[in-house]
Amino acid sequence: VSKFGFGKARNRGKDHHFFELVVDGHVIHTKVSHSPKDIGSVIEGKIARQLRVRGPFFTGMFSCDNNLDAYLQQVRSDPFPPWDIRL
């Protein structure tokens, strides 16, 4: 959360932790379960799309290959899915 500048989203449900980040007027939302269980590849893919990045970039966010500057550059230059596709 702090590494990539996300903050807690307000007025959201209590069933998950909700986070958001505004980049150039676009609001990026994601949610994380309260469960202590590891997440599977399907959920990882959903979170990656919520963050507007492809799988390999998402993995790099956790292995410290990608930092905030790289993330901002990625979502500004090549968001996936593109901004015109609502999630």
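Residues: numbered from 1 along the sequence shown.
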Q: From Phe19 CZ over to His29 NE2, what is the distance, rounded to the nearest 0.5 angstrom?
A: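 Going from CZ on Phe19 over to NE2 on His29, the span is 13.0 Å.
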Q: Taking atom OG of Ser77 and atom CG of Leu72, what is their separation to the nearest 0.5 Å?
A: 10.5 Å
Q: Going hydrophobic residue to hydrophobic residue with side-chain gaps under 4.5 angstrom, can you get from Phe6 over to Val53?
A: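 Yes, Phe6 and Val53 fall within the same hydrophobic cluster.
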Q: Check the hydrophobic clustering (I, L, V, M, F, W, Y; side-chain heavy atoms under 4.5 Å; chains of links allowed) and say if Phe80 and Leu21 are grouped together.
A: no
Q: Enumerate the residue pairs fulfilling salt bridge (charged side-chain N to carboxylate O under 4.0 Å, His left out) with a member in residues 32-52, sequence neighbours excluded, ordered by first and then second residue.
A: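 Of all non-adjacent pairs touching residues 32-52, none passes salt bridge (charged side-chain N to carboxylate O under 4.0 Å, His left out).
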Q: If a pair satisfies salt bridge (charged side-chain N to carboxylate O under 4.0 Å, His left out) and one of its residues is in residues 63-84, list it, with sequence neighbours excluded.
A: Asp24-Arg76, Arg54-Asp78
Q: Ile28 and Tyr71: which non-hydrogen atoms are nearest, and at how many Å?
A: CD1-OH, 3.4 Å
Q: Pick out which of His16, His17, Lys14 makes a side-chain hydrogen bond (donor to acceptor under 3.5 Å, both in side chains) with His34.
A: His17
Q: Report yes or no: do Val32 and Val1 belong to one cluster of Ile/Leu/Val/Met/Phe/Trp/Tyr joined by side chain heavy-atom distances under 4.5 Å?
A: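 Yes: a chain of side-chain contacts under 4.5 Å links Val32 to Val1.
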Q: Should Val75 and Leu51 count as side-chain neighbours, where that means a heavy-atom distance under 4.5 Å?
A: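 No, too far: nothing below the 4.5 Å cut-off.
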Q: Going from NZ on Lys31 to CD on Glu20, what distance comes out if it is rounded to the nearest 0.5 angstrom?
A: 14.5 Å
Q: Do Pro81 and Leu87 come within less than 4.5 Å of each other through their side chains, counting heavy atoms only?
A: yes
Q: Does any pair with a residue in residues 37-57 pass ring-ring contact (aromatic ring centres under 6.0 Å, His included), and if so which ones, sequence neighbours excluded?
A: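 Matches after skipping sequence neighbours: none remain.
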Q: According to a 4.5 Å side-chain heavy-atom criterion applied to Ile, Leu, Val, Met, Phe, Trp and Tyr, with indirect links allowed, do Ile43 and Phe18 form part of one hydrophobic cluster?
A: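 Each belongs to a different hydrophobic cluster.
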Q: Of the non-hydrogen atoms in Phe4 and Asn66, which two are nearest, and what is the gap between them?
A: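 Minimum heavy-atom separation between Phe4 and Asn66: CZ-O, 3.4 Å.
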Q: Under a 3.5 Å distance rule, please check whether Lys3 uses its side chain to pair with a backbone N or O of Phe62 as donor and acceptor.
A: no
